[in-house]
Amino acid sequence: MSSPPNTPRPDRYDAEAIEARWQRVWADEGAFTCEVISRDGVVPVLPDRPKAYVLEMLPYPSGEIHMGHVKNYTMGDVVAHFRRRNGAAVFHPMGYDAFGLPAENAAIRTGEPPALVTSRNIARIRLQLQRLGFAIDWSTEISTADPEYYRWTQWIFLRMFEKGLAERRSAAVNWCPKDQTVLANEQVIDGHCERCGTQVELRQLTQWFLRITDYADALLDDMALLEDWPERVLSMQRNWIGRSQGARVAFRTEDGAHEVPVFTTRPDTLFGATFFLLAPEHPLLAELVAGRPEEAEVMDYARAAARASLADRGATDRPKTGVFTGRYVVNPVNDERIPVWVADYVLMDYGTGAVMAVPGHDERDFAFAAQFGLPVRRVVAGDDTDPATPLTEAEPGDGRLVNSGFLDGMDVADAKTAIAAWLSERGLGDATVGYRLRDWLISRQRYWGVPIPVVHCEACGPVAVPDDQLPVLLPEVDDYAPRGQSPLATNPEFLNASCPGCGGPARRETDTMDTFVDSSWYFLRYTAPHLSTAPFEREVADYWLPVDQYIGGIEHAVLHLLYARFFTKVLNDLGLVAMREPFARLFTQGMIYRDGAKMSKSKGNVVAPDEIVDRFGADTLRLYVLFMGPAADDIEWSDRGVVGARRFLDRLWTLVRTLPGDPGLVDRPAADGMDPAFLELLRKTESTIAKVTADVDERFSFHTAISAIQELTNAAGRAQADAPDLAPGSLRALRYAGQTAVSLLFPFAPHISSELWEALGGDRLWAAAWPDADPSLLVRDVVTVVLQVNGKLRDRAEVPAGSSQEELLAVARDSAKIAGAIEGKELLREIVVPDRLVNLVVR
RNA sequence: GCCGGAGUGGCGGAACGGCAGACGCAGCGGACUUAAACUCCGCGGCCCUCGGGCGUGUGGGUUCGACUCCCACCUCCGGCACCA
């Protein structure tokens with residue numbers, strides 16, 4: 001499209017200048033500052049319109065944002081802009097998950113304090129985010145490493161401590177030898193440290209735990225409240241919590257001295273138990289073998305198992321190992337005497353650490369029995385199977401009970417009920433539930449985290465630091481290097497304290513908290529970011545929360561997202577907030593790949609957001625990361641694709657800057673008497689409004705929304721090129737189309753949209769009402785009807801919308817192609833779908 | 001093994017019971033240019049002679065009609081996994 005000779009050549013699209021200009025305007029006007037926030041302890045007036053708390057997972061300030069951040073925050077920005085222009089009170093804050101190992105490790109390398117590294121990184125990240133033009137309320141920015149913030153992290157910890165939800169106890173825990181700290185179960189992937197990949201070891205240590213297992217059922221049950229969470233995440237959490245219904249059954253040692261309970265999900269197979277297993281760590285083990293000939297071998301085995309790494313012991317393809325203890329227990333259901341073995345496939349921290357082995361119907365027990373020549377007994381058989389048929393492999397499936405006394409003939413489900421009642425009546429067992437979920441180990445033997453606000457008194461034990469002495473400040477230390485205990489332990493001023501209870505000498509806790517604690521409540525702090533008397537203001541928090549739309553990466557499915565749900569439930573039980581779930585709707589974005597791999601520095605395949613902004617502008621980058629493909633999918637980065645996004649913005653720029661007619665926003669033109677080509681453009685404009693609105697609001701389908709705007713822009717460009725002399729109605733339809741494209745594009749590319757909107761004579765596009773489609777223009781007066789024979793497309797016809805069945809059939813019969821296709825055949829049926837198709841079924 | 005998700009042009013993808021391949025990238029042809037880039041216009045699943053035939057991982061089914069729904073299978077991705 002060349003410029004007509006007498007019009008001035010339009011100015012070039014200068015992204016850099018435009019973006020700087022509008023970012024300044026928004027900041028000067030406080031365009032995205034949220035009024036409904038507790039500031040200086042003053043509770044704001046709560047507005048009487050819908051609210052939208054739009055939140056993306058806060059970044060770890062590593063010094064550079066990456067493309068994943070750009071995609072994440074652009075999506076949130078689109079939603080926030082969309083809701084604002086649709087009349088909602090919007091809150092869209094940002095903060096930094098600022099404690100953690102990378103800054104600490106950098107500090108160790110360079111000798112700079114982690115606080116300095118972190119604040120420098122935060123300053124840089126803030127600039128990068130601002131350069132992308134995100135509509136963030138920067139006045140509510142928080143950093144989890146700020147004493148003003150972590151004071152309240154400590155405060156919440158103390159509330160949990162008071163409730164018995166935070167406790168110190170000895171347990172076998174995961175230890176990362178490289179990072180020199182313990183890890184939570186969620187932070188161990190296949191036996192390796194989630195952060196550094198080192199194989200973790202098991203160590204028996206006294207550590208702080210949060211009793212998330214107390215909330216296992218609530219975390220499962222309340223998933224019903226999470227209707228808009230991806231099934232994938234719910235399934236992962238369900239899996240992680242791992243609830244299974246079973247029974248606890250009391251076995252006794254044959255001398256009657258000890259009761260050893262087991263947990264089983266198959267109490268129906270109790271008659272099939274032919275041996276009995278203890279975990280190597282089982283507390284009774286040493287006593288059972290004390291002074292017996294088996295003692296040395298058994299205890300050697302137990303010690304070897306304790307030394308084995310989690311990865312080794314957890315390997316399912318390893319042959320079964322175990323040692324006979326020389327002792328027997330009695331099966332309560334038939335008084336049968338069965339041998340007790342120790343085996344390392346039995347886990348101490350699941351169930352009771354003891355297992356009744358039913359080799360006939362459990363694959364692991366069968367493998368163990370085969371290994372050691374132990375008997376296998378069938379107690380479940382199919383309807384056509386003789387109860388005496390020997391088992392050549394474990395049959396864990398359904399069937400009828402056999403060789404099982406009073407259970408014989410029942411199916412598995414009935415037998416479970418019957419045996420549970422039988423055991424319960426005799427006090428020998430109860431229906432119970434097992435969970436895979438473990439308590440959350442939050443101690444870390446590292447420097448750069450929240451100090452656990454407890455002192456250890458010789459007389460009183462662990463004692464909470466009183467609220468009025470919070471925050472327990474992270475002290476300066478000379479050496480941050482991890483040495484198996486927290487660097488805080490080397491600072492005598494920090495270490496020595498007096499007991500808040502008895503005043504006697506005491507020692508401060510030197511472990512710091514897992515940084516996932518910090519991010520488990522930050523969404524509340526935003527609503528009162530500087531409040532000095534409480535972590536948040538209940539009234540304001542209850543107004544904004546739960547978060548209406550939360551957006552982040554799938555990698556937090558069982559980490560942050562589980563922990564934050566747990567914290568919310570605790571705060572709810574403490575009467576501090578009304579919500580039971582923090583995130584009403586969750587969207588998990590896909591990863592951006594390049595050259596078939598996740599972008600990472602070590603692979604050298606990183607595309608730096610800043611470079612793209614330098615070359616093409618922030619609007620191009622924002623548009624491209626959303627246009628790439630479905631927001632939830634993993635997608636390959638394309639350098640050429642970015643160019644395409646920029647080309648589109650250039651095209652829109654040229655279109656709007658060369659629109660004929662006087663400046664000034666136009667209203668929707670009247671359809672009556674309009675030139676057909678421009679009526680078509682008007683219809684296109686209206687259907688684009690409808691599509692973009694639905695795609696953003698209901699489907700989270702940004703790439704299709706953008707493609708619809710592109711179609712509209714292309715259509716307007718063609719209409720302009722094809723018709724140099726325009727009737728007034730046509731002119732208006734053209735301007736209206738361009739203007740609407742700009743308006744719809746705003747959430748995606750706010751700077752260029754604002755600039756063009758201004759050029760069109762508009763003002764403050766970010767506050768302008770989102771356009772509404774005119775329903776009367778969404779229905780067409782002429783439609784294309786598909787003519788089929790036996791479901792195969794044979795012809796098309798243009799007919800007036802709303803034509804009757806008879807009219808449509810007449811049109812079909814008039815078609816030469818249809819006539820040819822049905823010639824000489826018997827007409828069996830005529831299918832007519834109004835305004836869509838006619839299908840003639842012939843034989 | 002169990003649970004979840006996905007298979008459509010050269011590529012990212014669209015269509016979610018009714019015209020398969022919108023939009024974009026790459027490609028080809030053309031215009032502009034001394035030339036190149038930019039930009040613009042056009043073509044574009046495969047086979048084939050216009051007419052047509054075949055095409056959404058594979059095989060069945062439901063339906064007038066299936067990328068879409070149902071059953072079975074294959075492949076890939078993700079999660080859990082000696083959890084009794």
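Chain letters run A, B, ... following the sequence lines, proteins first, then strands; residues in each count from 1. Reckoned from all heavy atoms, side chains included, excluding hydrogens, waters and symmetry mates.
Counting non-hydrogen atoms of neighbouring residues, nucleotides and ligands closer than 6.0 angstrom, the CD atom of Glu555(A) exceeds 12 such neighbours. A 6.0 Å sphere centred on CD of Glu259(A) holds more than 12 heavy atoms belonging to other residues, nucleotides or ligands. In Gln187(A), the CD atom is crowded: over 12 heavy atoms of neighbouring residues, nucleotides or ligands sit closer than 6.0 Å. In Asp190(A), the CG atom is not crowded: 12 or fewer heavy atoms of neighbouring residues, nucleotides or ligands sit closer than 6.0 Å. Within 6.0 Å of the CZ atom in Arg318(A), the count of heavy atoms belonging to other residues, nucleotides or ligands exceeds 12.
Counting any heavy atom pair closer than 4.0 Å across all strands shown, Asn714(A) reaches sugar-phosphate atoms only and no base atom. Residue contacts shown for Arg436(A) include a base, since a base heavy atom lies under 4.0 Å away. Contacts of Gly644(A) with the nucleic acid, taken as non-hydrogen atoms under 4.0 Å apart, involve only primed sugar atoms and P, OP1 or OP2. Nucleic acid contact class of Arg651(A) (heavy atoms, under 4.0 Å, all strands): sugar-phosphate only. Residue contacts shown for Arg438(A) include a base, since a base heavy atom lies under 4.0 Å away. Nucleic acid contact class of Glu636(A) (heavy atoms, under 4.0 Å, all strands): none. Within the nucleic acid shown, Val358(A) has no heavy atom closer than 4.0 Å to any nucleic acid atom. Across all strands, Pro630(A) comes closer than 4.0 Å only to sugar-phosphate atoms, never to a base (heavy-atom distances).
Contact annotation: His703(A) does not reach the phosphate of G12(B) (side-chain N/O to OP1 or OP2, under 4.0 Å). Considering only side-chain N and O atoms, Arg647(A) lies under 4.0 angstrom from the phosphate OP1 or OP2 of C25(B). Note on Arg794(A): every side-chain N or O is 4.0 Å or more away from OP1 and OP2 of G51(B). A sub-4.0 Å separation between OP1 or OP2 of A84(B) and a side-chain N or O of Tyr345(A) is absent. Listed pair Ser244(A) / A84(B) meets the phosphate criterion, a side-chain N or O lying under 4.0 Å from OP1 or OP2.
Side-chain proximity of Thr704(A) to the nucleotides C25(B), A84(B), A14(B) is greatest for A14(B). Side-chain proximity of Glu231(A) to A84(B), G5(B), C82(B): nearest is G5(B). When distances are taken from the side chain of Asn239(A) to each of G79(B), A20(B), A84(B), the shortest belongs to G79(B). The side chain of Ser638(A) sits closest to C25(B) out of C54(B), A84(B), C25(B). Side chain of Lys691(A), nearest nucleotide from G13(B), A15(B), G79(B): A15(B). Closest approach to the Glu711(A) side chain among C19(B), C23(B), C25(B) is made by C23(B) (side chain taken as heavy atoms from C-beta onward).
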Where protein sits on nucleotides 64-72 of chain B, one letter per nucleotide: B base, S sugar-phosphate only, - none, heavy atoms under 4.0 Å
B--------
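U75(B) is paired with A6(B) under the criterion used here, namely a Watson-Crick or G-U wobble arrangement in which both key atom distances are under 3.5 Å. For C80(B), the paired nucleotide is G1(B), the pair qualifying as Watson-Crick or G-U wobble because both relevant distances are below 3.5 Å. Across every strand in view, G27(B) sits in a pair with C43(B) that passes the Watson-Crick or G-U test at under 3.5 angstrom.
Of the N and O atoms on the side chains of Asp217(A) and Tyr435(A), at least one donor lies less than 3.5 Å from an acceptor on the other residue. A side-chain N or O of Tyr350(A) and one of Ser244(A) form a donor-acceptor pair less than 3.5 Å apart.
Aromatic ring centres of Phe627(A) and Phe648(A): separated by at least 6.0 Å.
Atom name P, nucleotides G1(B) and C54(B): the rounded distance is 39 Å, in whole Å.
Remark: Lys320(A) qualifies as a cation-pi partner of Tyr345(A) under the 6.0 Å distance and 45° angle criteria applied to the six-membered ring.
As rounded to whole Å, 12 Å separates atom C1' of C82(B) from atom CZ of Phe368(A). Distance Ile635(A) CD1 to C77(B) P: 18 Å, rounded to the nearest Å.
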